[in-house]
Amino acid sequence: MPNGWFRRRKQPDRAASARAQDVPEGLWQPCTRCRELLFTPELERNLKVCSRCGYHFPLSARQRVSLLLDPDSFVETDTDLETLDPLHFPRYLERLAHYREVTGLKDAALCGEGTVEGIPVTLAVTDAGFLMGSMNTVVGEQITRTVERATDRGWATILVSGSGGGARMQEGLLSLMQMPKTSAALARHHAARRLAIVILTDPSMGGVQASWGSLGDVILAEPGARVAFAGPRVAQQAGVQKPPPDYQTAEFCFRHGQLDRVCPRRELRDTVARLLRFAAVPVRSAHRGHPVLAR
Amino acid sequence: MPNGWFRRRKQPDRAASARAQDVPEGLWQPCTRCRELLFTPELERNLKVCSRCGYHFPLSARQRVSLLLDPDSFVETDTDLETLDPLHFPRYLERLAHYREVTGLKDAALCGEGTVEGIPVTLAVTDAGFLMGSMNTVVGEQITRTVERATDRGWATILVSGSGGGARMQEGLLSLMQMPKTSAALARHHAARRLAIVILTDPSMGGVQASWGSLGDVILAEPGARVAFAGPRVAQQAGVQKPPPDYQTAEFCFRHGQLDRVCPRRELRDTVARLLRFAAVPVRSAHRGHPVLAR
Amino acid sequence: MPENILEFEQPIAQLEAQIAEIKRLTAVEGVDRGEEIALLEAQVEQLRLKILGDLTAWDHTQIARHPKRPYALDFIRLMCDDFLELHGDRLAGDDGAMVGGIARIGEQQLVVTGQQKGRDIHERQRRNFGSARPEGYRKALRLMRLAEKFGRPVVCLVDTPAADCSVAAEEHGICEAIAHNMRDMFLLTVPIIVAVIGEGGSGGAIGIGVGDRILMLEHAIYSIIPPEGCAAILWKDPKRGPEAADQLRLTAQHALAFGVVDEIVPEPLGGAHRDVDATARALKDAVCRHLDELSAIPVEQLLRQRYERFRRLGPVLDPRAAGQAACDGRVDGDGAEPAR
Amino acid sequence: MPENILEFEQPIAQLEAQIAEIKRLTAVEGVDRGEEIALLEAQVEQLRLKILGDLTAWDHTQIARHPKRPYALDFIRLMCDDFLELHGDRLAGDDGAMVGGIARIGEQQLVVTGQQKGRDIHERQRRNFGSARPEGYRKALRLMRLAEKFGRPVVCLVDTPAADCSVAAEEHGICEAIAHNMRDMFLLTVPIIVAVIGEGGSGGAIGIGVGDRILMLEHAIYSIIPPEGCAAILWKDPKRGPEAADQLRLTAQHALAFGVVDEIVPEPLGGAHRDVDATARALKDAVCRHLDELSAIPVEQLLRQRYERFRRLGPVLDPRAAGQAACDGRVDGDGAEPAR
Ligand SMILES: [Zn+2]
Ligand SMILES: [Zn+2]
């Protein structure tokens, strides 16, 4: 089932193509962590996980969708949203243009709907390749619509973070406000007794992690993913000393009770399906309609 | 207002009389902590707090009632409950007889109703002078009835722990079951949106602290009171090493977020009154009737 | 002689060893000693019935703590399909002494949680010998809320000597965690079945011990204090645990007589470790039967009954309501009759 | 020259010192220099209006961080009666950087909570410089639930450079704490009024920043990142904070233009520290006015409006719903007009 998942895509993946150019020979590439030379087709069959050290290579948002959803089930929504650049931030539009070119995305998120083992879900993914996957007004709007659509239809929603950039500085306070905005959508989803699954990939930090990245009924993370509130620079400025060796990784968060599972990429899809089945059948009517479902 | 509170009592306090016999001369007694010789009438005017070091002398259950309730407002309830000694525990009935004689109580708790600055409450107090204030079937039943009565009438309830003995070993599993039983009553009280104030006095430990002793909307404790899960003996057996100097005191619990306030005896009554006023006026109807009010 | 043989089991084990030796010799020497074997086997069967059918409270305690006794994860794996363990209290930690997750029994999705002891020394340390920390109780409650959100029942498997009482446990509010769990379990709008599968150790047990049905394995114990601790307090002599065990009325049959548990789930002769599969089947059957009953009850009624179930525990003599309590035949643990 | 004078305030302070000196001399020498004083006072008044009426974003930042600025507990004491501070998250700690309790304004019982900075170095350390820890956010939420239980409104006073990002904060889930607070504040069934009284520092602020009305003191700031941090990232030069402050649109007037806040509460000329009582009175008046409005709204509508209030923040260009977003006049922070 996971084999050949790259081939399922119908549209060409511009992100993957763009990145492929960075690889010297194309057929072989070194593992980022252990430097082992890996045969690219083999690496892709292995879902871009190093067969030697288990390093999880980054995936583009489109690759994430292919990994998680049933083949050909994905329907993209809210594709063309664009920021209004509310702060007229210096050189911001240039940078956006660059990343649009590199990733083939309009902004840092891809969202839509599809099925997992036949169960319908809405899904949004932030792409670390686009300005560190940071959350601006567009990403916030997409996450919010993704959650709202699931709530309205009584579906589960899956939110995948590849957001190392947190809330995006260049849109200032309006980026910050995407934290409560997305949390509001998840509050409604929660009160409507619908499932939200959060998947944290490398990296997941800052304002994203302090909002929807922490609001799944179940939170999964890929091994080794950096998951934290403060980036290393901020932490350093704040005088953080002698952190544990695995500080700010998924494993650290897991040890401290913040994650349900550290889940190897190969197991993600089955785990998600298992959770969807747990939550899929409508709850019996007597248990519905909590005004407040706290913690 | 707090002055002369001993004189408010109408019935003679047998506990106090019994204890007074232990004091050599009657008019002067040494402070338990700092050894200062204290003039007894002065000490009583000072609510049995050492004027030198602030040590809070133990109070009997009846003294607690006098301290907290409006003069002459207390009506005792459930006075004559007695244990059925379900385990036929060796020498248990003898010990009960002894403590009945010493304290003038049938068992370790005193309960009833009264007013605080005119606001009606139900109230239960465990007396550390009766088998360490431990909770058996009688105490559990009294606490439960006290809470239920408050829920039924829409009143607040005040529970004062002087329970160093936790759940009483001599009634075995049935003592243990007073933990869920009293917690059940407090669950209903909570769901009915009624106030529960818990006051922890020295000592408050074990099964009491792990049930109703921790279930106040607001939890107050007297300075220096021992408050903990495991008694020092159990902790020692479990190999607890190098505890902090104030381990298992009210101050330690406060530092670790378990208490709302460490409240000197002189301030208890005003603090309770303040809390009652906060919760006293009926909530507006739109906000009522949560099926679940969690945390 | 094999390890992990309890003292009272030794006569049986000796006979069993004798039979095994004869059988081995039979195979080696080729002599037919079938008659002798049959005789011995009849003897051992009688001995089993005699010894194991008349266990003391201390014997039960030993079986409940048997190092080969199935633990929570064993039962979960044998009773449930599709178990997915979920971790963490979302506050401060993930407690190895408390496990939990989503699972399925037949078509029924549910949440299962319980204290977990360890088999070897490393796992035992990691599991804190089954003594759950505040983080464990809070994880369990978090998972119960997940069940509630999706209308799934909860199964709690109790097996703990006691809750953790380390400095760290006090720092993170072990009292608060246990009390809070009890309170909120009375408000949980889905059915809860509790099964005491090994040691029901006081506050540590009751912290996940509130439910609509409380089941107890035949040789499990449920006690306010470990017998050794009770002996230490009563007689300053922890070695008098056997006497204390008897005095504490900590067996399943006493718990049933007190009304603390609703049903005793039978174990194979000699204890669950003698046939883990059969024990898990028996527990699964009981759980399914009660789940079926409970799922038919409207939620308001369910919560009312849960309240009443615990409300009546610990009757007292109330002269102003004379006769009421004394009439309750379940008061006296000494009058306990075996449930089967 | 008195301490704690901001750079842009210095011309004013110099004149004020001059006047004070003349007055002193007048008293000593007995010479009438009333005319000179009157002239200088007119000058200083003009200077005040000129300088303080046309502050840069960086000036606002300096005022918002002024060491004499009133902090949360100052406002609470000045605005409320019968304040009773309550402590602890009932989980692991009591965070000095977050204070809260029950209070009364007139006849209205309420819960008030907020970040608290410290005056002297000891209090600053104890208060972690106003950077709340997970324990602080959880305490605040616990107190909000207390308010909800008794149908009392909540007032949150925001004043933090940022949430704590120490190892301990990560260990106890600072992300979870902030996110959880935001989510549950959208479900809280009582009115919530948020007032940004000093620094609205990013996630640290929004962790208690969800409400039905968001007020902001005139010289408070609200920013996704401290200007120095922004400058460090943009230009590798934290000293270019003033430029970054301008770029970040972090003033109350920008926040109002963005729709992030609903009302700017005026401060005395030069900042709240110039007249703490007057500032507290102004804030109290605004809070009371909004509480009155909110208390008339049925709870379902209250929650819907709270949702919609935040839902519309951050309009985007959506070609498939053309014109919609671009029509919203509040989009552009540069077009901001002063509110008063
Ligand atoms: Zn590798
Ligand atoms: Zn003293």
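Every chain is numbered from 1, with letters handed out A, B, ... down the list of sequences. Values below: all heavy atoms of this structure, side chains included; hydrogens, waters and symmetry mates excluded. Keep in mind that what you see is a predicted model, and the values were worked out from it rather than measured.
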Task: Arg261(A) side chain vs Glu85(C) backbone, donor-acceptor pair below 3.5 Å - done: yes
Task: Side chain Gln258(A), main chain Leu91(C), donor-acceptor under 3.5 Å - done: yes
Open item on the list: If you define the side chain from C-beta out and look only at heavy atoms, does anything of Leu259(A) sit under 4.5 Å from His87(C)?
Closed with: no
Task: chain C contacts, top residue of Leu275(A), Asp260(A), Val218(A), Thr271(A) (heavy-atom pairs, under 4.5 Å) - done: Asp260(A)
TODO: Quick one: list whatever passes side chain to side chain contact (heavy atoms under 4.5 Å, CB included) with Thr201(A), sequence neighbours left out.
DONE: Arg64(A), Val160(A), Ile199(A), Glu222(A)
TODO: State whether Phe150(C) and Arg193(A) meet the cation-pi test: NZ (Lys) or CZ (Arg) under 6.0 Å from the six-membered ring centroid, and within 45° of the perpendicular axis.
DONE: no
Open item on the list: Arg289(C): which residues meet the side chain to side chain donor-acceptor pair (under 3.5 Å) condition with it, sequence neighbours left out?
Closed with: Glu263(C)
TODO: Mind checking side chain to side chain donor-acceptor pair (under 3.5 Å) for Arg309(C) and listing every partner two or more places apart, or none if nothing turns up?
DONE: Asp262(C)
Task: Ion pair Arg255(A)/Asp94(C), N-O distance below 4.0 Å - done: no
Task: Residues of residues 102-131 of chain C near chain A, each having a heavy atom less than 4.5 Å away - done: Ile102(C), Ala103(C), Arg104(C), Gln109(C), Leu110(C), Val111(C)
Task: Region of Leu220(A) that comes under 4.5 Å of a non-hydrogen atom in chain C - done: neither
TODO: Of all the heavy-atom pairs spanning Arg277(A) and Asp82(C), show the shortest one and how long it is.
DONE: NH2-OD2, 3.7 Å
